[in-house]
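FYI, side chains are in, hydrogens and waters are out, and symmetry mates aren't considered; it's all heavy atoms of this structure.
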Amino acid sequence: MNQFTRHEGLTVPLFQSNIDTDQIIPKQFLTRIERSGYGAFLFNDWRFEPDGTEKADFVLNDPKYAGATILVAGTNFGCGSSREHAAWSLTDFGFRAVIAPSFGDIFYNNSMKNGLLPVRLDEAATELIVARSQSLEGYSVTIDLESQTVIDELGLNASFEIDAFRKHCLLSGLDDIGLTLQNEEMITKYEADTEITHRFAGLT
Amino acid sequence: MKTLYDKIWERHLVHEEAGKPALLYIDLHLIHEVTSPQAFEGLRLAGRKLRRPELTFATVDHAIPTVNRNLPFKDPIAALQVETLRKNCADFGLPLYDLDRIEQGIIHVFGPEQGLTQPGMTIVCGDSHTSTHGAFGALAFGIGTSEVEHVFATQCLQQSKARNFQVNVEGELPFGVTAKDVILGIINQIGANGGVGHVIEYTGSTFRSMSMEGRMTVCNMSIEGGAKAGLIAPDETTFEYLKGRTFAPKDDAWEAAVADWRSLKTDDGVLFDKTVEIDAATLEPFVTWGTSPDMSVTITDRVPELSDARDPAEAKAFERMYEYMGVEPSQRIQDIPIDKAFIGSCTNSRIEDLREAAKVAKGHKVSSAVDALVVPGSMLIKKQAEEEGLAQIFIDAGFEWRDAGCSMCLAMNEDILQSGERCASTSNRNFEGRQGRGGRTHLVSPSMAAAAAIAGHFVDVREWRFKG
Ligand code: SF4
């Protein structure tokens, strides 16, 4: 797991509800077998015309937001498919965090496993950040995971909830599988104690 | 007092420690070509083995063609992906139900059909529609590729418990109203994020009298309501469906299993964190008009107007959807013409779905303006439909009759909408570009899709002229 502690970065607003993973990374890029290189395809159908030229009116193509590392979106961001490619494409593009009032469950988990911090802020704070990133040049915020806050230089100080254990893992960059394997004895004991998992005919 | 979800959860707790997610044991892991390669790669890089290869089953479904399978794939990258799965399964000793197998099919059709999906189990797959398996009273949910790797290595997942959400539907479904309409109606009511953080249990007489196919359709789309999973308590219908299937328990083990499965239900008087009640008599055939699955209206209705939006944000979303979908506010749904019809996907590609569609198609012809596609969920269903004469009905009516796969549900193969094309689809997602860039998807039931294919526009299947 990649680490996340504190990050200051430029924000880019994409303030729509229900932005699904089909938009974040369209399926035509899911046939690849690699884990990297998906940034080029992030929001492909919104970013590019069919002939590959950039769509001028899409926010990620706006020079004002070049180099942004924090995406600010509407409710239920990342709903839809389980494709982890959505998180990979965001991180590969350079994003370190997504701020939204709520997230699709699977995307929320996937992003933390890739060091991309999903920040659940209430609607009012999200809208404030959106408004400031639209009206101000080079508007950035600082996300501090330790204190669970998002601040800016204009006095914004919004806090967010995150599962304590997930936070701990992100702060220290712990590997999930390694952690689980510390409990390997318990897994073995569970397997020995229980019959309910061994009911496929022909298997013992 | 406990819910069904609480009970399954407890049975699978390997370890629990305050302040940490629980370690949950996974009974069945289903994999396919798209979300597994990076997980195998991770395993190799870390020098780890698969903990329980015998609890892992693979098939190919997402990227494969549904015609001319004897020829090389047109898409070399998809071909490499399937080759990679073959190699990974061989290297790690996993059973792969490949294109040459009669069992091959969409992973969520394959699992239940083989009797792998059983009540009380925990089931995961790198695919969000894993919720389908909840129809058997199994806790089934989709996971990302990192979690696929985690299950490979540990047969467990770190999980936090979700909340309990009850959706109770009572009464007999009116004529022409199907399981698909029930779930579209539910999502319409709770919203696309109404179930976030929850596991939905579907209760009530409507589900009790539903077939397993219908229950799978309902649970399949739980994720479109944002829920982690959907559940229906197992009953005689469940046991009847499972009995005799390849991997279902046999003889004494069967008796013991059924006795145990009967205990898998929510205790009387449990209070759910959230409850929604629906009267089945109020349900009608639904058609989605926008690009989120909760944007549906009944077949007799019209596209909503801006003033119908609940708030300014929704009004903004409506405007975007009118434009993308090429529909007008207050346009009659029945006046919307279609270019394509797709009957298939893990939502609606089972034998009962095909029977329903064939009933409508029988003796009619697909409109000359429409290309219509029927894609069975598995090669076994294809065979059964051919034996029952359904395939001939479709072919005579001018539908294309394909081999099993996801096909136009997500259009990773050549079954794809062109920009601006409009499709009546029995699948589960109407997101922008889901069926092809610029493509316009309207979600409907199989009978409604068949009727639209024939009429060339949406029609009310309750007024259909059935022949024979
Ligand atoms: S049929 Fe569609 S929803 Fe189902 S598994 Fe395939 S792509 Fe996913």
Side-chain angles (χ1 to χ4, degrees), chain A residues 1 15-18 20-23 26-28 30-35 44-46 50 74-76 79-85 87-88 102-107 109-110 113-114 163-166 168 175-177 179-181 183-184 186-187 189-191 194 196-197 199-203, chain B residues 11 14-15 19-21 23 25 27 34-35 37-38 41 46 48 54 63 75 77-78 80-81 84 116 118 120 126-128 142-147 149-150 153-156 158 160 192-193 196-197 226 228 246-250 253 257 292 313 317 410-412 419 429 431-434 437:
Chain A
M1 188 185 271
F15 197 52
Q16 289 169 38
S17 302
N18 300 321
D20 56 77
T21 52
D22 277 87
Q23 305 318 316
K27 73 257 165 179
Q28 58 268 36
L30 304 187
T31 41
R32 303 172 75 248
I33 55 172
E34 298 82 16
R35 206 184 255 266
N44 182 78
D45 294 3
W46 288 352
T75 51
N76 206 21
C79 61
S81 140
S82 67
R83 59 189 73 162
E84 195 157 325
H85 312 67
W88 299 335
S102 63
F103 293 87
D105 279 336
I106 308 177
F107 175 82
N109 283 329
N110 285 344
K113 294 200 186 330
N114 291 279
D163 176 80
F165 181 71
R166 290 282 152 221
H168 166 70
D175 161 43
D176 268 9
I177 297 179
L179 279 174
T180 296
L181 288 175
N183 293 316
E184 185 158 12
M186 292 183 209
I187 303 174
K189 180 167 186 307
Y190 178 90
E191 287 173 330
T194 175
I196 53 173
T197 60
R199 260 199 196 128
F200 297 136
L203 300 179
Chain B
R11 281 182 174 204
V14 172
H15 181 54
K20 288 190 182 177
L23 202 58
Y25 200 79
D27 296 331
V34 176
T35 53
Q38 296 87 354
E41 186 198 54
R48 289 178 173 133
E54 74 279 19
D75 178 353
I77 307 178
L80 174 65
Q81 199 169 49
T84 305
L116 288 165
Q118 298 172 21
D127 186 281
S128 55
I143 55 177
T145 298
S146 293
E147 289 175 313
E149 185 183 337
H150 193 283
T154 69
Q155 202 59 35
C156 292
Q158 297 175 9
S160 305
N193 61 356
V196 170
K228 177 159 187 93
T246 308
F247 290 98
K250 304 271 171 331
S292 172
L410 92 165
M412 271 183 78
S419 186
R429 287 195 174 133
F431 299 159
E432 282 183 32
R434 171 78 179 182
R437 184 175 179 148

**OP:** Tell me, for B:S146 versus chain A, whether the close heavy atoms (under 4.5 Å) come from the side chain, the backbone, both or neither.
**Re:** both

Original post:
Checking B:T145 against chain A: side chain, backbone, both or neither under 4.5 Å from a heavy atom?
Top reply: both

**OP:** Counting only heavy atoms closer than 4.5 Å, note whether A:Q28 contacts chain B via side chain, backbone, both or neither.
**Re:** neither

Original post:
For A:I187, does its backbone N or O pair with a side-chain atom of B:Q155 as donor and acceptor, under 3.5 Å?
Top reply: no

Original post:
Highest number of heavy-atom pairs under 4.5 Å with chain B: which of A:F15, A:F103, A:F165?
Top reply: A:F165

**OP:** Answer with side chain, backbone, both or neither: which region of B:L410 has an atom nearer than 4.5 Å to a non-hydrogen atom of chain A?
**Re:** both

Subject >> Option in A:C79, A:G80, A:P26, A:S17 with maximal non-hydrogen atom pairs under 4.5 Å from chain B >> reply: A:G80

**OP:** Using a cut-off of under 4.5 Å on heavy-atom pairs, state which of B:E41, B:E432, B:K20 scores highest against chain A.
**Re:** B:E432

**OP:** Could you look at A:N109 and say if it's the side chain, the backbone, both or neither that has a heavy atom under 4.5 Å from chain B?
**Re:** side chain

**OP:** Kindly indicate whether the side chain of A:E84, heavy atoms from C-beta on, has any atom under 4.5 Å from the side chain of A:R35.
**Re:** yes

Original post:
Does the side chain of B:Q38 pick up a donor-acceptor pair with the side chain of A:W88 at under 3.5 Å?
Top reply: no

Subject >> Under 4.5 Å from any heavy atom of chain A - which part of B:A411 >> reply: both

Subject >> B:A192, part contacting chain A, at a heavy-atom distance under 4.5 Å >> reply: both

Original post:
Is any side-chain N of the basic residue among B:R48 and A:D175 closer than 4.0 Å to the acidic one's carboxylate O?
Top reply: yes

**OP:** Let me know if A:F107 has heavy atoms under 4.5 Å from chain B in its side chain, its backbone, both or neither.
**Re:** neither

Subject >> Donor-acceptor under 3.5 Å (A:K27 side chain, B:G433 main chain) >> reply: yes

Original post:
Which one, A:K189, A:R83, A:R32, leads in non-hydrogen pairs under 4.5 Å with chain B?
Top reply: A:R32

Subject >> Max heavy-atom pair count under 4.5 Å with chain A, selected residue of B:T154, B:T35, B:T84 >> reply: B:T154

Subject >> Portion of A:H168 that has a non-hydrogen atom of chain B nearer than 4.5 angstrom >> reply: neither

Original post:
Using 4.0 Å as the upper bound for N to carboxylate O, is an ion pair formed by A:D22 and B:R434?
Top reply: yes

Subject >> Pick from B:G197, B:S419, B:A313 with the largest number of heavy-atom pairs that fall under 4.5 Å of chain A >> reply: B:G197

**OP:** Just do the side-chain contact (heavy atoms from CB on, under 4.5 Å) check on A:R166 and B:Q158 with the steps written out, would you?
**Re:** CA-CA 10 Å; A:R166 290 282 152 221; B:Q158 297 175 9; 3.2 Å; yes

Subject >> Segment of B:R429 engaging chain A (4.5 angstrom heavy-atom cut-off) >> reply: side chain

Original post:
Side chain of B:E147, backbone of B:G144: donor and acceptor closer than 3.5 Å?
Top reply: yes

**OP:** Examine whether an atom of A:I33 lies under 4.5 Å from a heavy atom of chain B, and if so say whether it belongs to the side chain, the backbone or both; otherwise answer neither.
**Re:** both

**OP:** Assess whether salt bridge (Lys or Arg N to Asp or Glu O under 4.0 Å) is satisfied between A:D45 and B:R437, documenting all intermediate values.
**Re:** CA-CA 7 Å; A:D45 294 3; B:R437 184 175 179 148; 3.5 Å; yes

Original post:
Hey, is the main chain of B:F431 close enough, under 3.5 Å, to the side chain of A:Q23 for a donor-acceptor pair?
Top reply: no

Original post:
A:T194 and A:Y190: which non-hydrogen atoms are nearest, and at how many Å?
Top reply: CG2-O, 2.7 Å

**OP:** For each of A:A164, A:S81, A:A87, tally heavy-atom pairs with chain B at distances under 4.5 Å, and name the one with the top tally.
**Re:** A:S81

